[in-house]
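Below is one structure, written out as structure tokens; comments come after it.
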Amino acid sequence: MRSILWAGLAALIASHPLASLAAEAVVTVQGANAVEIIDLDASRVVASIPVPGSPAGVALSPDRATAYVTRPDGPGLAVIDLAARRVTGLVPLPGGPLGIAVNPVTGAVYAADWYAARVFVLVNRDGALVPDGEIATGASPSGIAVTPDGATILVANREADSVSIVDATTRRERARLKVGHHPFGITLDATGTRAYTANVTGNDVSVIDVAAGREVGRFKTGDRPYVVALAAGRGFVTDQYGNTVSVFDAASLAPVATIDVGDHPEGIAAASDGRRLYVANWGSNTVSVVDAATLKVIKDIPVGDGPRAFGDFLR
């Protein structure tokens, strides 16, 4: 009887492989030259993977098994096998790669060159990630987002106060629209209909109608907004100099609340069920866990020196 029960359990786990895995955060820890894996159920770091070159941006493959990490001081990218907890490749790139995103359909990787006006395109070929051309953008591209259908790439051009809307197939800019001052992080809603840029020196968020290619609203934030996350019908913005997260209603853009988090919050992301948000506090070396319903910090998870987590870092 016991062997039958164990066989049944093994079959259940095999058919639902993610059921046995705790949710994780993949956090770039820039000062420590590492990427740390946080078990979000246990609220602790369970692995630290050395990554040279001041790792900053992070994005995950469509199957969530691989992390791609920018190394501005490499310069280049690191490829990390998240199951094996090790770097499997270092890809050199010129300039200063910072923002990064992955096409959810094709798996192509896009890395923004902070020191130029271009986005590098990389693809998997014969089991290795290799450069495969560039996309022209505005000056100092930073955050990148890709629509769920993989057809459109959006790039926040910090020094050009603009967003490039790029056709992913032709790799050409379809439009370039003006937004607030110094847009940095850019976030898409689940349908790819609206995008939100955190305008660092404007202290606001621009709301973009992607199909129309125009800005349709603004929300005032705290001091030096960095990235926007979306959960439960609300937007959550990290305010670097305010040590806060500004919350607004995504439909009306009305202010909802201000949440005190750690020192110099940067990366932020929402769990897939929308119940929790995770904030990387660069100055206090913590990740704050925020309840999306009560708008309270539940706990702070200690991490290494200088967490940034700029990009898609939850799996």
Side-chain angles (χ1 to χ4, degrees), residues 98-101 110 112 114 117-119 135-168 170-242 244-258 266-270 310-312:
L98 181 62
I100 189 167
Y110 309 108
W114 174 254
R118 60 185 175 183
V119 167
I135 298 169
T137 65
S140 291
S142 52
I144 307 173
V146 187
T147 53
D149 62 5
T152 303
I153 307 162
L154 291 94
V155 184
N157 305 312
R158 189 184 190 277
E159 297 303 312
D161 294 341
S162 68
V163 169
S164 294
I165 300 179
V166 176
D167 184 295
T170 65
R171 301 180 181 177
R172 294 185 179 277
E173 197 177 51
R174 282 205 310 258
R176 187 180 299 180
L177 58 129
K178 284 292 184 181
V179 290
H181 295 301
H182 290 173
F184 194 76
I186 185 165
T187 302
L188 277 163
D189 66 15
T191 63
T193 303
R194 279 191 167 188
Y196 302 80
T197 64
N199 304 317
V200 177
T201 59
N203 293 337
D204 56 23
V205 167
S206 291
V207 184
I208 299 165
D209 182 317
V210 176
R214 64 186 180 91
E215 184 185 59
V216 294
R218 294 262 181 110
F219 169 76
K220 198 67 179 174
T221 67
D223 200 7
R224 296 297 180 101
Y226 191 82
V227 179
V228 181
L230 303 169
R234 292 168 172 168
F236 297 79
V237 191
T238 48
D239 306 315
Q240 296 170 90
Y241 287 9
T244 55
V245 170
S246 296
V247 187
F248 64 92
D249 183 275
S252 68
L253 304 185
V256 174
T258 300
E266 295 202 346
I268 183 171
F310 180 39
D312 174 21

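Because only heavy atoms are used, hydrogens play no part in the values below, and waters and symmetry mates are left out as well, while side chains stay in. Since the structure is predicted, the reported quantities are computational estimates derived from the model, not experimental observations. This chain uses plain numbering: 1 for the first residue, then up along the sequence.
- The neighbour count for R172 CZ, taken as heavy atoms of other residues, nucleotides or ligands under 6.0 Å away, does not exceed 12.
- For the atom pair I144 CD1 and D312 CG, the distance stands at 12.5 Å (nearest 0.5 Å).
- In terms of heavy atoms, S142 sits closest to A112 at O-CB, 3.5 Å.
- Note that CZ of F248 and CG of L230 are 6.5 Å apart. Values are rounded to the nearest 0.5 Å.
- Once rounded to the nearest 0.5 Å, the distance linking OG of S206 with NE2 of H181 reads 9.5 Å.
- Taking each heavy atom of V216 and R194 in turn, the nearest pair found is CG2-NH2, 4.0 Å.
- Of the possible donor and acceptor atoms, one in the side chain of N203 sits under 3.5 Å from a partner among the backbone N and O of R224.
- Between the side chain of D223 and the main chain of Y241, no donor-acceptor pair closer than 3.5 Å is present.
- The nearest pair of heavy atoms linking F184 to L98 is CZ-CD2, 3.8 Å.
- Just one of T244, V228, V227 meets the side chain to side chain contact (heavy atoms under 4.5 Å, CB included) condition when paired with T238; it is V227.
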Please determine whether side-chain contact (heavy atoms from CB on, under 4.5 Å) holds for the pair E215 and T197, giving the CA-CA distance in whole Å, both sets of side-chain angles, and the decisive distance to 0.1 Å. CA-CA 10 Å; E215 184 185 59; T197 64; over 6 Å; no

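- Here the side chain of E159 pairs no donor or acceptor atom with the backbone of S140 at under 3.5 angstrom.
- For the pair D161 and P183, the minimum side-chain heavy-atom distance is below 4.5 Å.
- In this structure, CD1 in I186 is found 11.5 Å from OH in Y196, a value given to the nearest 0.5 Å.
- Closest approach of R118 and P141 over heavy atoms only: O-CG, 3.3 Å.
- For A270 against A229, the heavy-atom pair with the smallest separation is N-CB, 4.3 Å.
- In terms of heavy-atom proximity, R158 sits nearest to H182 at O-CD2, 3.1 Å.
- The only option from N199, V207, N157 that meets the side chain to side chain contact (heavy atoms under 4.5 Å, CB included) definition with V179 turns out to be N199.
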Chi angles and distances behind the side-chain contact (heavy atoms from CB on, under 4.5 Å) call for Y110, V155: CA-CA 10 Å; Y110 309 108; V155 184; over 6 Å; no

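- The line from CD of E173 to OG1 of T137 is 7.0 Å long, rounded to the nearest 0.5 Å.
- Note that NZ of K178 and OG of S162 are 5.5 Å apart. Values are rounded to the nearest 0.5 Å.
- Just one of I165, L154, T191 meets the side chain to side chain contact (heavy atoms under 4.5 Å, CB included) condition when paired with T147; it is L154.
- Residue I208 forms a side chain to side chain contact (heavy atoms under 4.5 Å, CB included) with just one option from L188, L177, T193, and that option is L177.
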